[in-house]
Amino acid sequence: MKGISTRRLLSALSVGIVLTAALGATPASAENLNVMNSGGFTAAYKLLLPKFEAASGDHVDTAWGPSMGKAPEAIPNRLARGESADVVIMVGYALDDLIKAGKVRADSRVDLADSRIGVVVKAGDVVPDVSTPEKLKAALLAAKSVAYSDSASGVYVERELFKKLGIAEQMQGKAVMVQKTPVAEKVAAGDYALGLQQVSELLPVKGIAFAGKIPESLQSVTRFAGGVPVSAPHPEEGKKLLTYMAAPSVAKDVESTGLDPLTH
C-alpha cells in the first residue's frame with residue numbers, strides 16, 4: 001500500500017510539474033489576476049478556474065456582469081468606470097466592440113465556446129416539446145408568461161425569434177426581458193411559466209426542468225470569447241488564462257456545462 005501511495009503521489013506531482021511548465025509559471029512568478037466574466041461562460045469558467053490556479057500558481061478574483069446593457073455590472077460599463085481587469089470574457093461581438101473602441105487588445109482575442117438557446121419550465125410543470133418550430137411556437141403561445149435575458153440571447157428572442165415564428169404581437173405583454181437575474185431562477189421561483197436563455201446559464205439552476213434547445217433552424221449561436229484590456233496590469237498572465245480555457249484538453253469540461261467547445 002505504501003508503494004502504491006508513493007507512486008500516486010509522484011504521479012500527481014509529475015502532472016502538476018508538466019502543467020506548470022506548460023503555462024510558464026513558477027511560484028515566484030505567480031500573480032493576482034482580475035477577471036470580468038459574463039453569464040454564458042460562468043459554469044465552464046468555475047469548473048476550469050481551480051485547475052488553472054493550481055497549475056499556474058496565479059490567484060484569480062472574478063467580477064460578474066452581462067456582456068452588454070445598461071446595468072452598472074455590465075462589463076463595458078465596468079471598464080468605462082476605470083475598473084481594472086486582466087481578462088474579460090463575454091459575448092464575442094460585444095468584445096469586438098470593445099476592441100474597436102480601443103478598450104481591449106485586438107491581438108489578445110481568443111474564441112472559447114459557442115452557446116445555444118434553450119427552454120425551461122418550473123420543475124414539476126408539464127415539460128413542453130420544443131423540438132420543431134411548430135411545437136416551440138405552440139409552447140410559447142400556451143405559456144401564461146415568458147421570460148428571456150437582457151443579454152445576447154434575449155436580444156435575439158425579442159427582436160427576431162418571435163417574428164420568425166409569427167407571434168410577435170401575441171407575445172407583447174406576456175414576454176418580459178429579465179434584468180440581471182438568471183432567467184431560470186425566475187422560472188424556478190414561479191415568476192414566469194417558461195424561460196429562454198443560453199443553455200449554459202439554464203442548466204446550473206435548481207428547481208427547473210430543461211425542455212431542450214430550440215430547433216437549429218431558429219437558433220442564434222452565441223460565440224463566447226475573451227480578451228485582455230489595454231490597461232491590464234498582467235497582460236501575459238491574462239493571455240495564458242485564456243489559452244488554457246480554449247485548449248482542446250478542456251473541451252470535455254466545457255461541453256459538460258452545456259456549451260459547444262470549438263476544439264476536441
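Positions are given from 1, in the same order as the sequence printed here.
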Open item on the list: Under 3.5 Å, is there a donor on one side chain and an acceptor on the other for Gln198 and Thr222?
Closed with: yes
At their closest point, which heavy atom of [X] faces which heavy atom of [Y], and how far apart are they?
| X | Y | answer |
| --- | --- | --- |
| Leu79 | Leu98 | CD1-CD1, 3.8 Å |
| Pro229 | Val87 | CD-N, 3.9 Å |
| Asp86 | Ala232 | CA-CB, 3.7 Å |
| Lys46 | Pro50 | O-CD, 3.1 Å |
| Pro76 | Pro66 | CD-O, 4.2 Å |
| Val130 | Ala139 | CG1-CB, 4.2 Å |

Open item on the list: Using the ring-ring contact (aromatic ring centres under 6.0 Å, His included) criterion, which residues pair with Tyr192? Sequence neighbours excluded.
Closed with: none
So how far is it from [X] [atom1] to [Y] [atom2], rounded to the nearest 0.5 Å?
| X | Y | atom1 | atom2 | answer |
| --- | --- | --- | --- | --- |
| Leu112 | Thr243 | CG | OG1 | 9.5 Å |
| Glu160 | Leu165 | CD | CG | 11.5 Å |
| Asn34 | Arg78 | CG | CZ | 11.0 Å |
| Ser153 | Glu158 | OG | CD | 11.5 Å |
| Leu47 | Lys252 | CG | NZ | 13.5 Å |
| Glu31 | Leu241 | CD | CG | 13.0 Å |

- [ ] Tell me, with the steps shown, if Lys240 and Asp58 meet salt bridge (Lys or Arg N to Asp or Glu O under 4.0 Å).
- [x] CA-CA 11 Å; Lys240 288 175 184 176; Asp58 294 331; over 6 Å; no
Hey, are the side chains of [X] and [Y] touching, using non-hydrogen atoms and a 4.5 Å cut-off?
| X | Y | result |
| --- | --- | --- |
| Pro233 | Ser84 | yes |
| Val91 | Phe224 | yes |
| Arg109 | Val104 | no |

TODO: Using a strict 4.0 Å threshold on nitrogen-to-oxygen distance, state whether Asp150 and Lys70 make a salt bridge.
DONE: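 The answer is no: the pair does not qualify as a salt bridge.
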Distance-only, no hydrogens or angles: does the [X] side chain make a donor-acceptor pair with backbone N or O of [Y] under 3.5 Å?
| X | Y | answer |
| --- | --- | --- |
| Thr257 | Ser200 | no |
| Ser145 | Ala193 | yes |
| Lys186 | Gly195 | no |
| Ser149 | Pro182 | no |
| Gln219 | Ile117 | yes |
| Asp114 | Leu262 | no |

Task: Test log, rule side chain to side chain contact (heavy atoms under 4.5 Å, CB included), inputs Arg223 and Asp111 - done: CA-CA 7 Å; Arg223 172 68 52 89; Asp111 288 333; 3.2 Å; yes
Under a single-linkage definition using a 4.5 Å side-chain heavy-atom cutoff for Ile, Leu, Val, Met, Phe, Trp and Tyr, are [X] and [Y] assigned to the same hydrophobic cluster?
| X | Y | answer |
| --- | --- | --- |
| Ile75 | Phe41 | no |
| Leu140 | Val157 | yes |
| Val110 | Met36 | no |
| Phe162 | Leu141 | yes |
| Val88 | Val228 | no |

TODO: Any pair with a residue in residues 61-83 that passes ring-ring contact (aromatic ring centres under 6.0 Å, His included), sequence neighbours left out, goes on the list, sorted by first then second residue, please.
DONE: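 Those involving residues 61-83 are Tyr45-Trp64.
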Task: CA sep, side-chain torsions, deciding dist, call: Asp253, Lys51, side chain to side chain contact (heavy atoms under 4.5 Å, CB included) - done: CA-CA 11 Å; Asp253 285 338; Lys51 300 177 183 181; 2.7 Å; yes
- [ ] Output all residues satisfying side-chain contact (heavy atoms from CB on, under 4.5 Å) with Glu53, sequence neighbours left out; order by chain, then residue number.
- [x] Leu49, His59, Val60
TODO: With sequence neighbours left out, write down each residue that passes side-chain contact (heavy atoms from CB on, under 4.5 Å) with Ala138, or none if nothing qualifies.
DONE: none
- [ ] Apply side chain to side chain contact (heavy atoms under 4.5 Å, CB included) to the pair Leu48 and Val254, showing each step before the final yes or no.
- [x] CA-CA 8 Å; Leu48 297 176; Val254 172; 4.0 Å; yes
Open item on the list: For Phe52 and Tyr244, take the angle between the two ring planes, folded into 0 to 90°, and tell me which bin it lands in: parallel under 30, tilted 30 to 60, perpendicular over 60.
Closed with: tilted
Side-chain donor-acceptor pairs of residues 203-218 under 3.5 Å, sequence neighbours excluded:
{"unit_1": "Glu216", "atom_1": "OE1", "unit_2": "Arg116", "atom_2": "NE", "d": "3.2"}
{"unit_1": "Glu216", "atom_1": "OE2", "unit_2": "Arg116", "atom_2": "NE", "d": "3.2"}
{"unit_1": "Glu216", "atom_1": "OE2", "unit_2": "Arg116", "atom_2": "NH2", "d": "3.0"}

Task: Other residues, nucleotides, ligands: >12 heavy atoms within 6.0 Å of Lys163 NZ - done: no
Open item on the list: Under the salt bridge (charged side-chain N to carboxylate O under 4.0 Å, His left out) definition, can you give me all pairs with a residue in residues 129-147, not counting sequence neighbours?
Closed with: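 Every pair satisfying salt bridge (charged side-chain N to carboxylate O under 4.0 Å, His left out) with a residue in residues 129-147: Asp129-Lys135.
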- [ ] Evaluate the side chain to side chain contact (heavy atoms under 4.5 Å, CB included) criterion for residues Leu161 and Leu196: first the C-alpha distance (whole Å), next the side-chain angles of each, then the deciding distance (0.1 Å), finally the verdict.
- [x] CA-CA 11 Å; Leu161 178 62; Leu196 301 104; 4.0 Å; yes
